[in-house]
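By convention in this document, chain letters (A, B, ...) are assigned in the order of the sequence lines, proteins followed by strands, and residues within each chain are numbered from 1.
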Amino acid sequence: MKLSQALIPTLKETPADAEIISHQLMIRAGLIRKLTSGTYIYLPLGQRVMNKVINIIRSEMDRAGAQEILMPAMQPAELWEESGRLKQFGELVFRFEDRTGKKNLLGPTHEEIITHLVKNEITSYKQLPINLYQIQTKFRDEIRPRFGVLRSKEFLMKDAYSFDVDTKSLDKSYQLMYDAYCRIFDRCGLKYKIVEAESGLMGGDVSHEFMVPSPAGEDLFVTCPKCDYASNIVMANCQPTKDPKKSEAPQALKKIETPGATTIEAVSKFLKVPASQMVKTLIYTADGDPVVILIRGDHELNLVKLGRLLGTDNIVPANAKTIENVTGGPLGFSGPVGLKDIKIIADHLIQGMTDFVTGANQADLHYINTNPGRDFKIGQTEDLRTITGSDPCPKCGTKIEISRGIEIGHVFKLGTKYSKKLGANFLDQNGKSQPAVMGCYGIGVNRIIAAAIENSSDKDGIIWPKNIAPYQVIIVSVNPKEEKIREVSQKLYDACRAENIEVLWDDRNISAGIKFKNADLIGIPIRLTVGKNTLANNVVDLKLRNSSEQNSLAPDKVITEVIKSVQQNK
RNA sequence: CGGGGCGUAGCGCAGCCUGGCUAGCGCGUCUGCUUUGGGAGCAGAAGGUCGCCAGUUCGAAUCUGGCCGCCCCGACCA
C-alpha cells in the first residue's frame, strides 16, 4: 500500500479524552476512531491488526480440534428466560422487540444458543466430545465503558463451547483449550499470567483467566514470588491465624463518645487508633435476610466469598431501617456487643484480636477494649476478606504480590448448569439420558490489540509484535521527487509484494521528519530508508522498530534480509 | 447510579469570573513557490448553529434554568 493513498490518519497531539497508553496510541496511530462512548470504528490499520489476531486464533482453535460456526447476535429472549440468566444479567443486556412484539436481545454471550443447538443436534455419546467456536461481536450495556477498546459496549469475542460425556473427559477438553490459549497469546507476542479465577455470571467451579500485566488493567491478581501460586484477587484465600495470641490482661470494656464519626477512617482519626485495631460490623441482606459480618477495620469484605458461603449472589448492603432493626442503633455505629437473635459471622482474624474498637449500637458512641468471647459471641468464623499485599501466599507462606492486569482470555469448566436447564442431553452407552458436561472459553480480540500496545511501546509510538503488526515493512522514500530514490523504492516495494510481504510505502512529498515520526508511531517492525545514502553509495538503510541499530545494505541484500526476518516469525 | 470535570474549526486549547464591535491561537487542511536523514520556510485561502432548548438583557460563547453528550473515580464487572 502506498501511504499517499492510505487512510492512516495519524495525530501529532494526544487526544484529550484518552487516558491510557494503548487508547492514546490507537487513536494517534490511526487504528480506531470513537463513534460514541463504548463503540469504535476500526480504520484500515486497526482492522489489519484485528485480522492478524483473528487468523492466529482461528488457526490454533482449528489445530485443537474445535470447529468454527457462527451464531446470531440477535437472540430470542425466551432461551434466556429458560436458563434464568435474563434476570441475572439485568441491565447489561440490550433488549428490543421486533415488529410482532417478540422479545429479543443482543447476545452478551452465547451459552443459551449453543446449548439449544447441541440439544437438537447431539443425541449420542458417539458424537462427543465436541468443541464449537465462533468469532463474533458481543453486546454488553456496560455501566461504564472505559479505556478505549478495553471495556466497550460492542466488542469482538472468540467464544468456544465444549461438550463432554463426563467430567474426566471435560478435563481433557479444558486442557486442550488452555494449551491452545497459551499458543495463541505466545504467537501474539504477549506477556501474560494465568490465574485462578472467579466464574461470576458464567457459573461453574473451575476457571482460569489469562492476564496481561499492565497498570491500565481493571483486574487485580495475586502472584507468589516463590511458588507458582497465581490467582485473581477475589479468589485468593486468606490464611486463618492458627494460634491466636490472647492478650495477657484484657482491659475492661468501655463506651466512649465519638461524635459524628460514622466511618472507620473518622473513628480512627478521632480516637487515634489504627484501623487495624478496629472491627467493622457490616450488615447485609442475603436474599432479604439480614446477616452480620465482622471484618478488621483495615480489611475489605469480599462479597464473592460471602456469596459462596451463603449460597446466593443476591447480597446487598442493608438499609438504615434494617440496621436499626438488627442493632437497635443508627447506621455508622454498629457493633457486635449486645446483638441478639442473629448469628455473627466473623473473619478468621477477629477471633485473635483483643481490646479493639467497635460500634456501640448507639449514636455517637463506640466501645473500646472489646474482646470476642467475653463481650460477644462469634457464631461462625470464615475467610471473608479480600487478600492484601501484606498477606502470605496461601500455598507456601511467602509474602504475595498484587498486580494489575488486562483479562484477555477466560476458560471455564461449566459442568451441567446449562445442559440441565436447557435439556442438552445425550444417550450414554447404556442407553441412559445424561446431560452433557460443558466448558466455555472466551478471548477478547480487541483487548489483545490494546494489551499488545500496553505491553510494547515507547515515547515515539507502538512497537508491534511481528505476528500482529499491520504491515511487516515500511519503505521511507526521503525525497521521492529524486528519480533514483523513487526508482530504488519502487524496486523494493515490488520485490516485497512479489514475496507476499506486507509492505507500506511512504511515497509522500513531505519532509523526512514527518515520515520517520509516522513510521515510529504506527510501529511497523522493519523500516527501509531510501535517501541520500542511496544516492551516494547505492545502499538502503534497514532499521528495526525495536532496536536503535541501523544497517546499510545494497538493495538486493536488503530484500534477502527482510525475507529472512519476516519468515523467522511465521 | 453516586461523586468530580469537560463541551468554542478536523485535533489541542484561550476567551467566560467582570455580557459589547468582525470569536482568537497552535497544529492540521487547500493553492503556489522554495524545501526533504527525525514533525520545514514564505505568500495566500478555506473552515465555527461557541453541545441543544428556553430565560434574563438594548445586546449572551460569557449570566440563569433544563436537557444532551463526553471523560475520570466508585460500586467489584467475561
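Phosphate contact (OP1/OP2 of B/C77, side-chain N/O of A/Arg140, threshold under 4.0 Å): absent. In terms of phosphate contacts, A/Lys34 brings a side-chain nitrogen or oxygen within less than 4.0 Å of OP1 or OP2 of B/C71. Applying the 4.0 Å criterion to OP1 and OP2 of B/A40, one finds that A/Ser511 has a side-chain N or O inside that range. Phosphate proximity of B/G74 to A/Arg146: present, with a side-chain N or O under 4.0 Å from OP1 or OP2.
When each of B/C11, B/A78, B/G38 is scored by its nearest atom to the side-chain atoms of A/Lys543, the top-ranked nucleotide is B/G38. For A/Ala16, whose side chain is taken as the heavy atoms from C-beta onward, the closest listed nucleotide among B/C13, B/G38, B/A78 is B/C13. Residue A/Arg144 places its side chain closer to B/G74 than to any other of B/G26, B/G74, B/G38. Comparing B/G74, B/C71, B/G37 against the side chain of A/Ser37 picks out B/C71 as the nearest. Here the side chain of A/Ala512 is nearest to one of B/G37, B/A78, B/G39, namely B/G37. Out of B/G39, B/A78, B/C73, the shortest distance to the side chain of A/Phe155 is found at B/A78.
For B/C16, there is no paired base (Watson-Crick or G-U wobble, both distances below 3.5 Å). Pairing for B/G44 goes to B/C30, judged as Watson-Crick or G-U wobble with the two contacts each under 3.5 Å. The pairing partner recorded for B/G59 is none, the criterion being a Watson-Crick or G-U wobble arrangement whose two distances lie under 3.5 angstrom. When both distances must be under 3.5 Å, the Watson-Crick or G-U wobble mate of B/C52 is B/G66.
Straight-line distance from the CG atom of A/Asn533 to the P atom of B/U36: 15 Å, rounded to whole Å. Rounded to whole Å, the distance from CZ on A/Arg151 to P on B/A75 is 12 Å. Between the C1' atom of B/U35 and the CD1 atom of A/Ile514 lies a distance of 12 Å, rounded to the nearest Å. Protein atom CD1 of A/Ile143 is 14 Å distant from nucleotide atom C1' of B/A78, rounded to whole Å. A/Arg508 places its CZ atom 13 Å from the C1' atom of B/U36, with the value rounded to the nearest Å. The CZ-C1' distance, from A/Arg28 to B/C27, rounds to 12 Å in whole Å. Atom-to-atom, CD1 of A/Ile485 to C1' of B/U36 comes out at 9 Å; the value is rounded to the nearest Å. Nucleotide B/G5 holds its C1' atom 13 Å from the CG atom of A/Asp17, rounded to whole Å.
Considering all non-hydrogen atoms of both residues, A/Glu454 and A/Ile21 come closest at OE2-N, 3.6 Å. The two residues A/Val222 and A/Ile233 have their closest heavy-atom pair at CG2-CA, 4.1 Å.
The one candidate from A/Arg58, A/Glu68, A/Glu60, A/Met61 that meets the side-chain contact (heavy atoms from CB on, under 4.5 Å) condition with A/Lys158 is A/Met61.
Checking A/Gln136 against A/Asp159 by side-chain atom types alone, no donor-acceptor pair falls below 3.5 Å.
With contacts defined as side-chain heavy-atom distances shorter than 4.5 Å, the pair A/Tyr42/A/Met50 qualifies.
Crowding of A/Gln175 atom CD: a count of heavy atoms from other residues, nucleotides or ligands under 6.0 Å exceeding 12. Residue A/Lys484 places its NZ atom among more than 12 non-hydrogen atoms of other residues, nucleotides or ligands, all under 6.0 Å distant.
Where A/Glu407 and A/Pro480 meet RNA chain B, the nucleotide closest to each residue was compared, and A/Pro480 sits on the side nearer the 5' end. Nearest-nucleotide positions on RNA chain B place A/Lys517 closer to the 5' end than the other of A/Lys517 and A/Ile315.
Residue-to-nucleotide contacts include no donor-acceptor pair under 3.5 Å from the side chain of A/Asn479 to the base of B/G37. No N or O donor and acceptor, one from the side chain of A/Asp460 and one from the base of B/G38, sit under 3.5 Å apart.
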Measure all distances between protein nitrogen or oxygen atoms and nitrogen or oxygen atoms of nucleotides 43-47 of chain B, and list the pairs falling under 3.5 Å.
none

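Ring-centre distance between A/Tyr178 and A/Phe210: below the 6.0 Å cut-off.
Residue-level contact check: A/Leu301 touches the bases, meaning some heavy atom is under 4.0 Å from a base atom.
Under the 3.5 Å distance criterion, the side-chain polar atoms of A/Lys481 are left unmatched by any main-chain donor or acceptor of A/Arg486.
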